[in-house]
Amino acid sequence: QVQLVESGGGLVQAGGSLRLSCAASGVPFSRYALGWFRQAPGKEREFVAAVSWSGTTTSYSDSAQGRFAISRDNINTVSLQMNSLNSEDTAVYYCAAGVNVGMLATAQAKYWGSGTRVTVSS
């Protein structure tokens, strides 16, 4: 059974930082890209960042670029370091696995986690 389990969400003040982690299991993820999406209240789910299976290729949304950093800690674990958070970052953050970074960036994921909530207070 494939599982993507997110952790690290919570409440943080504006300007603060959070680190999200995702642990994948159930299939060999050595050839999958891993990434993060988010869905704010009343909005559609959007791409945040993705990293290739090797960890050498990354992609970020415009809103994440320069503030967030995605890393592939090992084959089955991906982290998202989020800095300079603001109220617009409040959302449920989802981990996802896909064929490659490009497909994840267009929301073509094969597996999804159930999400972890991030709330940024102003």
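Values reported hereafter were calculated over all heavy atoms of this structure, with side chains retained and with hydrogens, waters and symmetry mates removed.
Nearest approach of L34 to F29, heavy atoms of both residues: CD2-CD2, 4.1 Å. In terms of heavy atoms, A14 sits closest to S122 at CB-CA, 4.2 Å. Summarising the geometry of W53 relative to R72, their closest heavy-atom pair is CA-NH1, 3.0 Å, with the distance given to 0.1 Å. For the residue pair Y93 and D89, the shortest heavy atom distance occurs at OH-O, 2.7 Å. Closest approach of A49 and Y60 over heavy atoms only: CB-CD2, 3.6 Å. Annotation for L85 and R67: closest pair CA-NH1, 4.0 Å, computed over non-hydrogen atoms.
To the nearest 0.5 angstrom, R31 atom CZ is 10.5 Å from S52 atom OG. Taking CG from L18 and OG1 from T116, the interatomic distance works out to 9.0 Å, rounded to the nearest 0.5 Å. Between atom CG of residue L4 and atom OG of residue S25 there is a gap of 7.5 Å, rounded to the nearest 0.5 Å. Rounding to the nearest 0.5 Å gives a distance of 12.0 Å between CG of L11 and CZ of R117. Of the inter-residue distances, the one linking T58 atom OG1 with Q65 atom CD reads 7.5 Å to the nearest 0.5 angstrom.
Side-chain atoms of I70 and F68, non-hydrogen and from C-beta on, never get closer than 4.5 Å to each other. No side-chain heavy atom of Y94 sits under 4.5 Å from any side-chain heavy atom of V48. Between S79 and R19, the closest side-chain pair of non-hydrogen atoms falls below 4.5 Å. Within the 4.5 Å cutoff, the side chain of W36 has heavy atoms near those of the C22 side chain.
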* **Evaluation steps, side-chain contact (heavy atoms from CB on, under 4.5 Å), between S61 and R38** => CA-CA 11 Å; S61 66; R38 68 186 184 185; 5.7 Å; no
* To do: Run the numbers on V118 and M82 for side-chain contact (heavy atoms from CB on, under 4.5 Å), then give the verdict.
  => CA-CA 10 Å; V118 172; M82 304 187 296; 4.0 Å; yes
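V101 and Y32 end up in different hydrophobic clusters when Ile, Leu, Val, Met, Phe, Trp and Tyr side chains are linked at under 4.5 Å. A continuous path of hydrophobic side-chain contacts links V12 to L20 [ILVMFWY only; heavy atoms under 4.5 Å]. Cluster annotation: W112 is not connected to V78 through the hydrophobic network of ILVMFWY side chains, with a link wherever side-chain heavy atoms come within less than 4.5 Å. I75 and V2 end up in the same hydrophobic cluster when Ile, Leu, Val, Met, Phe, Trp and Tyr side chains are linked at under 4.5 Å. Placement of Y111 and L80 within a single hydrophobic cluster is found when ILVMFWY residues are connected by side-chain heavy-atom separations under 4.5 Å, directly or transitively.
Formation of a donor-acceptor pair under 3.5 Å by the T90 side chain with backbone atoms of V120 is found in this model. The backbone N or O of C95 sits less than 3.5 Å from a side-chain atom of E6, completing a donor-acceptor pair.
For N86 and S84, the side-chain atoms include no donor-acceptor pair closer than 3.5 Å.
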